[in-house]
Amino acid sequence: RRSLAPLRQAMQPSKKATKGQSVDARYQEVLKLVRMALPEAALEVVRKMIGMPGAFALKQYATIVSGVSCRMETQAAVELLKEIEGMQLVSFPDTHCMEHFYRFSRWIVMDLIADGDTCITRATCVPGPILEAAGFCITSLRTSRGKTGTELVLNGTIPFQASFQKGDWVFLSAGDGGDL
């Protein structure tokens, strides 16, 4: 029976500080940049972390991977992940976990970006009523501000044929009147 101690340790963020900026501050900067679809800028931050193996906890790396914008260029996103891998910036409990996680994280990012491209292409090329009939679109929903600056409330009913579920990413586009 294997101990979970190495995995628990790998999940804990590093507190090391270097050259005036903590690892956590650099992690937050990388996360912000990948969410904004700015992989080149994120790569610059990562490259400044040379000589800091194991700086990111596994949980932090997973958050970076899941935070990648679906509008990011696939090659640039994969390049960023390969740089993090090459610099050994993530603390893993063992090499098998590391190899598995790196391989599948790149595949997940490529799949996310491809899905985003498909969604954008569909939204620009296929009429709304056809998308709605297929369960890809809901034209009757209206938006309003939520409680916070990043929260958006959707008002209306979801049609029976819609294939949405809790946790899905939603692509919003302007309606016929130009309103979002």
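Starting from 1, each residue takes its place in the sequence as its number.
Of the inter-residue distances, the one linking Cys125 atom SG with Ile130 atom CD1 reads 12.0 Å to the nearest 0.5 angstrom. A distance of 12.0 Å separates OG1 of Thr95 from OH of Tyr102, quoted to the nearest 0.5 Å. Residue Asp24 holds its CG atom at 6.0 Å from CD of Gln60, rounded to the nearest 0.5 Å.
Between Val30 and the choices Leu38, Ile64, Leu43, the side chain to side chain contact (heavy atoms under 4.5 Å, CB included) rule is met once, by Ile64.
For the pair Leu89 and Met49, the tightest heavy-atom approach, listed with the atom from each and the gap, is CD2-O, 3.7 Å. Smallest separation of non-hydrogen atoms from Ile113 and Ala77: CD1-CB, 3.8 Å. Here the closest non-hydrogen pair linking Val78 and Met110 is CG2-CG, 3.7 Å. Between Gly51 and Pro53, the closest heavy-atom pair is C-CD, 3.2 Å.
Listed by chain and number, the hydrophobic cluster partners of Ile108 come to none, as no ILVMFWY side chain reaches under 4.5 Å of it.
Under the rule for a side-chain contact (heavy atoms from CB on, under 4.5 Å), Ala114 has no partner lying at least two apart in sequence or in another chain. Applying the side-chain contact (heavy atoms from CB on, under 4.5 Å) test to Thr148 and every residue at least two apart in sequence or in another chain returns Thr150, Glu151. When the side chain to side chain donor-acceptor pair (under 3.5 Å) test is applied to Glu40, no partner is found at least two apart in sequence or on another chain. Take Ser144 and apply the side-chain contact (heavy atoms from CB on, under 4.5 Å) test, not counting sequence neighbours, and it matches Val153, Asn155. Evaluation of the side chain to side chain donor-acceptor pair (under 3.5 Å) rule for Ser105 yields Tyr61 as partners, not counting sequence neighbours. In this structure Pro129 satisfies the side-chain contact (heavy atoms from CB on, under 4.5 Å) test together with Pro127, sequence neighbours excluded. For Tyr27, there are no ring pair (Phe, Tyr, Trp, His ring centres under 6.0 Å) partners at least two apart in sequence or on another chain.
The ring pair (Phe, Tyr, Trp, His ring centres under 6.0 Å) analysis of residues 105-146, with sequence neighbours excluded, yields the pairs Phe104-Trp107. Pairs engaging residues 112-137 under the side chain to side chain donor-acceptor pair (under 3.5 Å) rule: Glu132-Thr139 [sequence neighbours left out]. Under the salt bridge (charged side-chain N to carboxylate O under 4.0 Å, His left out) criterion, the residue pairs touching residues 75-90 are Arg47-Glu83, Glu85-Arg106, with sequence neighbours excluded.
Leu131 and Ile120 end up in different hydrophobic clusters when Ile, Leu, Val, Met, Phe, Trp and Tyr side chains are linked at under 4.5 Å.
Within a 6.0 Å sphere centred on CD of Gln88, heavy atoms belonging to other residues, nucleotides or ligands number 12 at most.
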Below 3.5 Å, can you tabulate the donor-acceptor pairs from side chains in residues 66-73 to any protein atom, sequence neighbours excluded?
unit_1, atom_1, unit_2, atom_2, d
Ser66, OG, Ala62, O, 3.2
Ser66, OG, Thr63, O, 3.2
Ser69, OG, Arg71, N, 3.1

